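Right, one structure below, let's go through it.
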Amino acid sequence: MRKIEDAMTTNENSSRQSRKLRAANPLSLRLLSQWQTCAALFIVCAGLLGTGSYHMLVYQRTKLTCNNVFWPFASASLRLYCAQRQAEKNTLEDLFSAIGLVDVLGKNHPLRAAINPQIEEWSDRALDLAEEAFHDGKLKRAISFANRIPDRTAAHKVVQSRIKKWKEIWAEGEEIYKKAEDTLKKEQWRDAFSIMVGLLKVDNRYWSQTQYDAMSKRILQAQKDEKKLAQIKNLIRRGGLDNLSEALGLAKELGPESVYHASAQETIETIAQRLMQVAEIALQRRDLTAALDASQLIPPDTKVGQRSKDFVDLAYASASSWSGTASGLQDAISEVRKIASNSPLYNQAQSLALKWEGQLASLRQQQELAQARANENNNYPNSVVDSIPDSIINWEDPLAQENTISKQASADQSLLDRADSLSLNGDRKSLGEAIRIASRISPGRTFYEDAQARIADWEFQLQQLDNPRVDEFPNSLALEPEPETDSAGNELLQQAQGYAATESPGSLSAAVEVANKISTDSPLRAQAEQSMAAWSEKILTIARTQSNSNLPKAIAIAQQIPPLSPVYDVAQKQIRQWQNRS
C-alpha cells in the first residue's frame with residue numbers, strides 16, 4: 001500500500017515538475033514535441049535548393065546576355081561560350097572579336113585544349129572572308145584583317161604570300177583599267193575597248209566583272225556620244241538657224257560625264273560664232289526678229305556670249321534707225337550709247353552713233369532749208385512746207401552701200417533656199433543643180449561661206465551615189481568581237497582603196513572610215529592604218545592648198561576628216577586658226 005502511495009507521489013511530483021518546465025519555456029517544448037515535422041521541412045527545403053541549383057547550372061547559359069558581361073571578372077567557360085556565339089555571325093569583325101575573347105587566357109590554361117582548335121578554325125574562316133573582300137574590291141579591308149590573324153595559327157603562315165598575290169593582281173587590274181580610261185578620255189573608244197578586254201584575264205572578280213562591266217558601259221556611251229557629235233557637226237555644216245539651234249541642244253546633252261564633253265564645248269563655241277554670224281547677217285537684211293532669235297540662242301558662257309548681249313541693244317538701235325525719221329535716229333543714238341566701253345561691240349556702236357548723228361544732222365539741215373524756202377516764198381508756203389522730208393529716202397553713199405548689201409543678202413538667201421529644196425531629192429541631177437545654183441554666190445558676199453559648206457556636202461553626197469558606203473558606225477559594241485577573216489579584211493581594204501581612187505575629200509574620208517573597220521587582229525590592219533594616215537594627210541593637204549584662195553571651202557574640206565583619222569586633232573586646230581582669220 002505504501003508502495004502504491006509512493007508511486008503516486010512520484011508521478012505527482014513529475015507532473016508538477018513538467019508543468020513548471022512548460023510554464024518556463026513553452027516554445028522549446030512545443031518544437032521538441034514536433035521534431036518529426038521539422039525534419040520533414042528541412043528535407044523539402046534542401047531538395048528545392050538542390051533542384052534550383054541544378055536548373056541554374058544546366059539552363060543558365062541559354063539565357064546569358066554576352067553583351068552585358070563585365071569581362072575582367074568573367075569566367076573562362078563564359079568567355080568560350082560567348083566567343084562561340086560571336087563567331088557564328090561569320091563576319092570578319094565578329095570572328096576576330098571571338099578570337100580576342102579567348103586568346104587572352106594563358107597558354108597553360110585548362111581550357112586551352114578546347115580554345116586552340118577554335119582559334120585555328122576561326123582564323124581559317126577569317127582568311128577566306130578576307131579573300132572574299134579582295135574579290136569584292138576591298139583590298140585594304142582584306143589586307144588589314146589578314147594581318148590580324150594570330151601568328152601561331154596555320155593560316156598565318158600563308159598570310160604574307162596571300163597579301164603579296166593580292167597586291168600583284170590588284171596592280172595588274174588597276175594598270176589595265178587606267179590605261180583604258182586614259183585612252184577613252186582621248187576619245188579613242190575603239191582602242192579603249194581593245195585594252196579593256198585584258199580585264200577579263202585578271203584573277204579578281206572586282207576587275208574582271210564589276211570594273212569590266214563599268215568600262216563597257218562607258219565605252220558604249222562614248223560610241224553613242226561620238227555619233228551624236230558627228231550629227232552635231234553635220235547640222236553645223238548645213239547651217240541655218242533651225243539646224244544650229246538643234247545642234248546646240250544636242251551639244252549641251254554631252255555633259256561633263258561624257259568623254260566627248262571637251263569636244264562638245266569646242267563645238268558649242270563654233271555654234272555660238274555661227275549664230276552670231278546669222279544674227280549679224282539677219283540684221284544687215286533688216287530682219288530684226290531673225291537677228292534677235294539667233295543672238296538670244298547664244299549661250300552666255302561662250303566667247304561671244306557678252307557680244308550677243310550687247311548685240312540685242314545694237315539690233316534695237318539699228319531697227320529704230322531704219323525709219324529714217326528724226327525721232328527714230330534720236331532713239332537709235334540713245335540706245336547705242338548704252339553699250340559700255342568694255343564691250344566687244346563698243347567701237348562698232350560708236351561708229352554707228354556717229355553715222356546716225358550725221359544722218360540726223362543732214363535731215364535737220366534739209367528741214368531747215370525747206371523751211372527757209374517756205375519763208376521766202378509766201379505765195380505757196382503750204383506746198384513747200386509739206387514737201388519737207390520727215391525722213392531721208394536716199395542717204396549718202398554709206399547708206400546706199402548698206403542697202404545694196406541687204407538686197408544682195410536677200411537674193412543669196414533665196415538662191416540657197418532654192419538649192420536646199422532641190423538637194424532634198426537626193427538624186428544626182430538634183431544635187432548637181434543645187435551645186436550649180438549655190439555656186440552663183442560669189443566670194444565676199446554674205447552667204448558665200450554657207451554656200452561653200454553646202455556645196456562640199458552635196459559633192460560628198462554625189463560621191464556616195466557612185467560609191468555606196470557601209471554604215472559610218474557599228475550598231476552596237478560587242479563585248480567579245482569575233483576576229484575578221486583575211487578575206488573579209490581584204491574586201492574592206494579593196495573597198496576603201498576604191499573610194500580613195502577618186503582623190504576627192506569626200507571619197508578619201510569614206511576610205512578612211514571603211515579601212516578602220518578592218519579588225520585589229522587582221523594581218524591587213526597595219527597596211528590599213530598606213531593607208532588611213534596617207535588618205536587623211538591628203539585631205540588636209542587639199543584643204544591647205546584651197547585655203548590660199550578660198551578659206552571657207554578649205555574649212556569645209558577639213559571638216560570632212562573623220563574623228564577616227566590620225567590627223568583629226570591637227571585638222572581641228574587648223575580649222576580653228578582659219579576661222580579666226582575669216
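Please read all numbers here as calculations on a predicted model, not as lab measurements.
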For [X] versus [Y], what's the shortest heavy-atom pair and its separation?
{"X": "Q306", "Y": "P344", "result": "CG-CD, 4.1 Å"}
{"X": "I455", "Y": "A438", "result": "CG1-CB, 3.8 Å"}
{"X": "A272", "Y": "T302", "result": "CB-OG1, 3.8 Å"}
{"X": "L248", "Y": "P299", "result": "CD1-CG, 3.8 Å"}
{"X": "L288", "Y": "A319", "result": "CD2-CB, 3.8 Å"}
{"X": "L329", "Y": "S321", "result": "CD2-CB, 4.1 Å"}

Any donor-acceptor pair under 3.5 Å linking the side chain of [X] with the backbone of [Y]?
{"X": "N234", "Y": "A230", "result": "no"}
{"X": "S295", "Y": "A291", "result": "yes"}
{"X": "E357", "Y": "I333", "result": "no"}
{"X": "S263", "Y": "Y260", "result": "no"}

[Y] side chain reached by [X] side chain, heavy atoms, under 4.5 Å:
{"X": "I232", "Y": "I271", "answer": "yes"}
{"X": "I542", "Y": "L508", "answer": "yes"}
{"X": "E174", "Y": "W207", "answer": "yes"}
{"X": "Q231", "Y": "I236", "answer": "no"}
{"X": "L540", "Y": "R544", "answer": "yes"}
{"X": "E529", "Y": "R525", "answer": "yes"}
{"X": "K217", "Y": "Q221", "answer": "no"}
{"X": "L184", "Y": "M215", "answer": "yes"}

Show me the side-chain donor-acceptor pairs of residues 347-354 shorter than 3.5 Å, one per line, residues at least two apart or across chains.
| residue | atom | partner | partner atom | Å |
| --- | --- | --- | --- | --- |
| Q350 | OE1 | R337 | NH1 | 2.6 |
| S351 | OG | N347 | O | 3.1 |

Please test Y316 against L292 for side-chain contact (heavy atoms from CB on, under 4.5 Å), starting from the C-alpha separation and ending with a verdict.
CA-CA 9 Å; Y316 280 119; L292 294 175; 3.5 Å; yes
Any salt bridge linking [X] with [Y]? Criterion: basic side-chain nitrogen under 4.0 Å from a carboxylate oxygen.
{"X": "E280", "Y": "R307", "result": "yes"}
{"X": "E266", "Y": "R576", "result": "yes"}
{"X": "E172", "Y": "K201", "result": "no"}
{"X": "R190", "Y": "E226", "result": "yes"}
{"X": "E175", "Y": "K179", "result": "no"}

Given the rule in the side-chain contact (heavy atoms from CB on, under 4.5 Å) test, do K224 and K228 qualify, once you have shown the distances and angles that lead to the verdict?
CA-CA 6 Å; K224 295 177 182 177; K228 183 175 289 187; over 6 Å; no
Can you tell me how far [atom2] of [Y] sits from [atom1] of [X], rounded to the nearest 0.5 angstrom?
{"X": "S308", "Y": "L345", "atom1": "OG", "atom2": "CG", "result": "9.0 Å"}
{"X": "T270", "Y": "L275", "atom1": "OG1", "atom2": "CG", "result": "11.0 Å"}
{"X": "Q527", "Y": "N490", "atom1": "CD", "atom2": "CG", "result": "8.5 Å"}
{"X": "I195", "Y": "I176", "atom1": "CD1", "atom2": "CD1", "result": "9.5 Å"}
{"X": "E253", "Y": "L229", "atom1": "CD", "atom2": "CG", "result": "12.0 Å"}
{"X": "F311", "Y": "S318", "atom1": "CZ", "atom2": "OG", "result": "7.5 Å"}

Would you please test W189 and D225 for side-chain contact (heavy atoms from CB on, under 4.5 Å) and show each step?
CA-CA 11 Å; W189 63 263; D225 290 348; over 6 Å; no
Applying side-chain contact (heavy atoms from CB on, under 4.5 Å) to L199 and S208, what does each step give before you reach the verdict?
CA-CA 5 Å; L199 289 174; S208 63; 5.6 Å; no
Q296: side-chain hydrogen bond (donor to acceptor under 3.5 Å, both in side chains) partners, not counting sequence neighbours
none
Judged by modelled atom types alone, do E335 and S320 share a side-chain donor-acceptor pair under 3.5 Å?
no
Any side-chain donor-acceptor pair under 3.5 Å between D191 and T183?
no
Yes or no on salt bridge (Lys or Arg N to Asp or Glu O under 4.0 Å) for K186 and D182, after CA distance, side-chain angles and deciding distance?
CA-CA 7 Å; K186 296 176 183 177; D182 290 343; over 6 Å; no
